[in-house]
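Whatever order the structure lists them in is the order used to number ligands and atoms, beginning at 1.
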Amino acid sequence: MVTVLSPRPDLWTLDPDVLHLNHGSYGAVPRRTQEVMAALRAEAEANPMLWFRSVAERLAVSRLELAAYLSADPAGFALVPNASAGVTAALATLPIAAGSRIVLTNHAYGAVLYAAQRFARAHQAEVVVVDVPLEADDETIVSLIASALDGAAVLVVDQISSATARVFPIASLVEVCHSFGVPVVVDGAHAPGLIDAPAADGADFWTGNFHKWPAAPRATAGLVVAEKWRTATLPLIVSWSEHDERLPERFDMQGTYDYAPWIAAPTSLRVLEELQWPVRRSQLSGLLDEGARLVAKALGTGVAEVGQPAATMRLVELPSSVDLTAAEALKAFVSRELKAEITLTGFDGRGFIRLSAHAYNSLQDYEKLSERLPTVLA
Ligand SMILES: Cc1ncc(COP(=O)(O)O)c(C=O)c1O
């Protein structure tokens, strides 16, 4: 018999008067990790010289634990501050010939599209955006992307998209890209904690955030680099480890920087373990199915069909009366007046509320949102 795990808001320090339904954007750090990080910073302030002398060794320990969490080869795993930095470092490494194409899909994260545009400009290459329908199945996704690979310098693809919260078939995409000789950069920003062994599909570069679903301190992310690119891949900041031949060590020391989050991050992995994360994740998925249905019913809309949805995020359709160009103002209004944190996304002319669930959420959160939202979104 499977036990239903109880919500554990007590492990976080989130304001209990607010409905926290958007873990997917910036995560939330458990109390215990915050305490470890505060102790590390206190140590740094007690003797900065001693602290900085100790950092390299502590980072090495932390890095090994984070790589093991992903089941990644530690020799190809580097710490980066966020997925944006991981994608940027990957695009800075790959050869992009003039006249070639950087291929993405219309699900790509906006800032990642900007990165592709910057590198395309620098190399006189072109950005090609492949339209993938929201409901597309894996086979359709692979064949749509395959049709854009001729002459491509690289495919940059989400493992779990932000605006549409869907899982992409990375193993098949890597296989088809490599058959065309096209390298693949996987934007796995949401993958750690949601997909087991997320970097195991043979992509040339994979990056993902520990500060989302594994609830690590912010600015903790990983870059996994395939063996053939490890020598060429450089950190974005040129510092003293510039000439270190080992990829992870080259990325460890980024000048004078706050290393406490990277050192404290494994504490969050231990919190997840105690929360029985894999079992909890599937229970959260069920909770969110129910919660999203409640919210959709209250708004008179539906839960979007998105092919394969991410375990802990769902899209609820916004009423057609909602003007998405005012999304920022609407989110601020919902936050201030309804005491609810949600995010709004747009895709292909349609607007959605993207709801998240983490260990601190319960069905009551979605019930309360269903009661409050129609007052502004009816
Ligand atoms: C799919 C995707 N890619 C990239 C990012 C950027 O992550 P970061 O802000 O940590 O660089 C996000 C952030 O939400 C994301 O959802």
Cation-pi check, Arg118 to Tyr114: give yes when NZ or CZ is under 6.0 Å from the six-membered ring centre and within 45° of the ring axis, no otherwise.
no

of all protein heavy atoms, closest to atom 13 (C) of ligand 1 is Lys212 NZ, 3.1 Å

In terms of heavy-atom contacts, Leu373 and Val295 come closest through CD1-CG1, 3.9 Å

Taking both backbone and side-chain atoms of Ser25, is any N or O found less than 3.5 Å from an N or O belonging to ligand 1?
no

Distance from Ser172 atom OG to Ile141 atom CD1, nearest 0.5 Å?
9.5 Å

Does ligand 1 have any atom that is closer than 4.0 Å to a heavy atom of Gln159?
no

Do any N/O atoms on Asp158 end up under 3.5 angstrom from N/O atoms on ligand 1?
no

Closest approach of any protein heavy atom to atom 6 (C) of ligand 1, naming residue and atom:
Tyr109 CE2, 3.4 Å

Which protein heavy atom lies closest to atom 3 (N) of ligand 1, and at what distance to 0.1 Å?
Asp187 OD2, 2.5 Å

Examine His358 together with Trp12 and report whether their ring centres are nearer than 6.0 Å.
yes

Where is the tightest heavy-atom contact between Phe352 and Ala304, given as atom of each residue plus distance?
CE2-CB, 3.7 Å

Please check: side-chain N/O of Arg230 versus main-chain N/O of Val225, any donor-acceptor pairing under 3.5 Å?
yes

Does the N or O separation between Asn209 and ligand 1 drop below 3.5 Å for any pair?
yes

Within a distance under 4.0 Å of any heavy atom of His211, pick out the atoms of ligand 1 and give their elements.
10 (O)

Evaluate the criterion salt bridge (charged side-chain N to carboxylate O under 4.0 Å, His left out) for residue pair Asp15 and Lys339; output intermediate values, then yes/no.
CA-CA 10 Å; Asp15 181 348; Lys339 295 271 178 236; over 6 Å; no

Going by the order shown, which atoms of ligand 1 are within less than 4.0 Å of some heavy atom of Ile160?
1 (C)

Can you report which non-hydrogen protein atom sits closest to atom 11 (O) of ligand 1, along with the distance?
Ser84 OG, 2.5 Å

Assert yes or no for the condition that the ring centre distance of Phe251 to Trp262 is strictly below 6.0 Å.
no

Among all protein heavy atoms, pick out the one at the shortest distance from atom 16 (O) of ligand 1; state its residue, atom name and that distance to 0.1 Å.
His190 NE2, 3.0 Å

